[in-house]
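The structure appears below as structure tokens.
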Amino acid sequence: MSAPVYDLVDFDEVVEKFDPALGLEVHVELSTKTKMFCGCPTTFGAEPNTQVCPTCLGLPGSLPVVNKAAVEAAIRIGLALNCSIAPWCRFARKNYFYPDMPKNFQTSQYDEPIAFDGYLDVVLDDGETFRVGIERAHMEEDTGKSVHIGGADGRIHGAEYSLLDYNRAGVPLIEIVTKPILGTRERAPEIARAYVTALRDLIKALGVSDVRMDQGSLRCDVNLSLAPRGSGELGTRTETKNVNSLRSVERAVRHEMCRQAGVLLAGGEVVQETRHFLEDTASTRPGRRKETSEDYRYFPEPDLVPIAPSEEWIEELRATLPELPWARRARLQKEWQLSDEELRDLVNAGALDLIEATVAAGAPADDARAWWVAYLTQQANAREIPLDELPITPAQVARVIELVKSGELTNKLAREAVNGVLAGEGDVDEVVAKRGLAVVSDEGELVAAVEAALAAQPDVVEKIRGGKVQAAGAIVGAVMKATGGKADAKRVRELILERCS
Amino acid sequence: MSADPGATGPTLGRDEVAHLARLARLAVTEDELDLFARQLDSIIEWVAKVGEIAAADVPPTSHAVPLQNVFRPDELRPGLTQEQALAGAPASQDGRFRVPRILGEEQ
Ligand SMILES: [Zn+2]
């Protein structure tokens, strides 16, 4: 009964002989306080079956009511994806037998998605833009979680029984489906990854989900088919599930291309089925054969009335859309005059928000950038934490920069001030006061230190008087030493030269 | 499965009944396939009469009540405790519902 085993084909050969067609289905779990149709909490990681009620357990007599915040999030996602918003739409029951939904159906949307026909422009690594068409974004509810007991590796196959936790059942989900993505050729894996990355960034900017792939709040199914190169046809597709990281999206596409090519070149047929991505080997294994959508016997949900968003409501929501992440990046690149490489470094370091906030707190962009990418990045690396978890705020960094600009701190003293803040010694000014970091701004004190240093080194004074201005460095050094590094070197130099002229 | 109201004779075959039975997870005997095909067929014919009355100017109706946009604010409401949730379960283990072996593949 075992299926024939086909060899994987080398990626270059796949691209030479076939055209891939990609389709990506992304499920986003919304971070609303409550579920889609009931007032149960949605927090991740609670004890099993402690965030449930008669509605999400599908008990007789319970009735669902739609969460308004979830509908608003769905519309905002649709608008951000350049979709049309349905003036009228309904929920539908998707019927199937599986214990992850205690109702025996999932409340979803069928032929009336709330958002449809949009696009997302994806910027690739080389700066090129690729437009991915969006077929639809619809609302539905998440399923419960099952644990299979008694089989190998917790898999359903061979298990004796299963255990169900319905905390997640009913959590609002938005499913975003692309149109077929064609013409990607050898860039199919890269484009798939870039699309999911862009979508993740977009939804994060909208603030409607924490989009954590590792916690399953963003999940991606990869549809892929191959057709003979240049034929313009569409081949039989597979749907790969369990793709739980951005890297896995890329690897799943690559693997399915190489696997399907192996089947086709050996004269076999690709089976339309669901496959599971295996993280450790970056390969896929077959799952169930796909049911057709008729088999789900969708019908309009009788317990929920239609949704008809008014023009005013849609425009109100459109006005809440944030600046899109890539538009913001382009703007900051221009404002801060960054090269592509510099911008990429900032993005990768997670420094963009921090620098922007520091600038917003009054610091010049150059200084804000220098602090975050140099000294503060070093500190974060030394502590092995992300930059945004360093215990210093953009406002505090801006204050340090301000003190340097005004001459109250030297760069060296500024780093000490930052160290104090990082050590939890308080706000910038508190640290400066407690550690005695302020430069000597008392002109009289400074003059006294300069005169003492000049008196101690008459030979140097002669040299300066003789025109060797660079000799003043020795006196500056002596003054800095005498003041514990708290003198403004520039002012000290001026005082020296005044006295030696 | 479209039923043409003007057509006569069975529109539903044994294969389709077998398919429906599989979707409903019902074991149906050979004899029953014929029986149900006839019975379902007459039901479909009967329901199709609606199409004779409802002309193009009558939109399909899914809800009897003329309501739309019924929403709930995103506010927590107390639910059930784990004990209450599992009270009606035929079996439970480790705070979870225990269900018999699932035949078929993972969803
Ligand atoms: Zn509930």
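In this text, all values refer to a predicted model and were calculated from it rather than measured experimentally. Reckoned from all heavy atoms, side chains included, excluding hydrogens, waters and symmetry mates. In what follows, chains carry the letters A, B, and so on, assigned in the order in which the sequence lines appear, proteins first and then strands, with residues in each chain numbered from 1.
- For chain B, the nearby part of Pro99(A) is the side chain; its heavy atoms alone come within less than 4.5 Å.
- With contacts defined as side-chain heavy-atom distances shorter than 4.5 Å, the pair Val147(A)/Arg96(B) qualifies.
- Interface residue Gln82(B): backbone and side-chain heavy atoms are both found under 4.5 Å from chain A.
- Ranked by heavy-atom pairs shorter than 4.5 Å toward chain B, the options Val65(A), Asn95(A), Val71(A) are led by Val65(A).
- Within the 4.5 angstrom heavy-atom criterion, only backbone atoms of Ala159(A) (N, CA, C, O) approach chain B.
- You'll find the side chain of Glu239(A) reaches within 4.5 Å of the side chain of Glu25(A), heavy atoms only.
- Within the 4.5 angstrom heavy-atom criterion, no atom of Met101(A) approaches chain B.
- For the 3.5 Å distance criterion, the side chains of Asn244(A) and Glu279(A) fail to qualify, holding no donor opposite an acceptor.
- With respect to chain A, the highest number of heavy-atom pairs below 4.5 Å among Leu67(B), Leu86(B), Asp94(B) belongs to Leu67(B).
- Contact annotation for Pro54(A): both backbone and side-chain heavy atoms come within less than 4.5 Å of a heavy atom of chain B.
- For an aromatic pair to be called close, the ring centres must be under 6.0 Å apart, and Phe37(A) with Phe91(A) satisfies this.
- Between Tyr166(A) and Phe97(B), a ring centre-to-centre spacing shorter than 6.0 Å is recorded.
- Contact annotation for Leu163(A): both backbone and side-chain heavy atoms come within less than 4.5 Å of a heavy atom of chain B.
- Only the backbone of Thr81(B) comes within contact range of chain A, with heavy atoms under 4.5 Å apart.
- Checking Ser217(A) against Glu29(A) by side-chain atom types alone, no donor-acceptor pair falls below 3.5 Å.
- Counting heavy-atom pairs closer than 4.5 Å to chain B, the top-ranked of the candidates Thr143(A), Thr55(A), Leu304(A), Val66(A) is Val66(A).
- Contact of Glu301(A) with chain B is made through the backbone alone, with heavy-atom distances under 4.5 Å.
- Heavy atoms of Ala24(B) lying under 4.5 Å from chain A belong exclusively to its backbone.
- At a 4.5 Å heavy-atom cutoff, the contact between Pro302(A) and chain B is made by backbone atoms alone.
- Remark: the Arg90(A) side chain and the Ser62(B) side chain contain an N/O donor-acceptor pair separated by less than 3.5 Å.
- Interface residue Lys35(A): only backbone heavy atoms are found under 4.5 Å from chain B.
- Using cut-offs of 30° and 60° on the angle between ring planes, the pair Tyr296(A) and Tyr298(A) is perpendicular.
- Most heavy-atom pairs under 4.5 Å with chain B: of the set Thr50(A), Thr32(A), Leu59(A), Asp165(A), this distinction falls to Thr32(A).
- Using a 4.0 Å cut-off between charged side-chain N and carboxylate O, Arg168(A) and Asp142(A) make a salt bridge.
- Inter-residue side-chain proximity for Thr320(A) and Glu316(A) is flagged as unmet; no heavy-atom pair is nearer than 4.5 Å.
- Only the backbone of Cys38(A) has a heavy atom closer than 4.5 Å to any heavy atom of chain B.
- Among the candidates Pro306(A), Pro102(A), Pro300(A), Ala69(A), the residue making the largest number of heavy-atom pairs closer than 4.5 Å to chain B is Pro306(A).
- Heavy-atom pairs under 4.5 Å with chain A were tallied for Gln84(B), Arg98(B), Gln93(B), Glu75(B); the largest tally goes to Arg98(B).
- Contacts with chain A were tallied for Gly88(B), Gly95(B), Ala91(B), Pro73(B); Gly95(B) has the most, counting heavy-atom pairs under 4.5 Å.
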* Derivation of the side-chain contact (heavy atoms from CB on, under 4.5 Å) call for Thr34(A) and Arg77(B) -> CA-CA 8 Å; Thr34(A) 66; Arg77(B) 291 185 62 170; over 6 Å; no

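- Donor-acceptor pairing under 3.5 Å is lacking for the side chains of Gln68(B) and His63(B).
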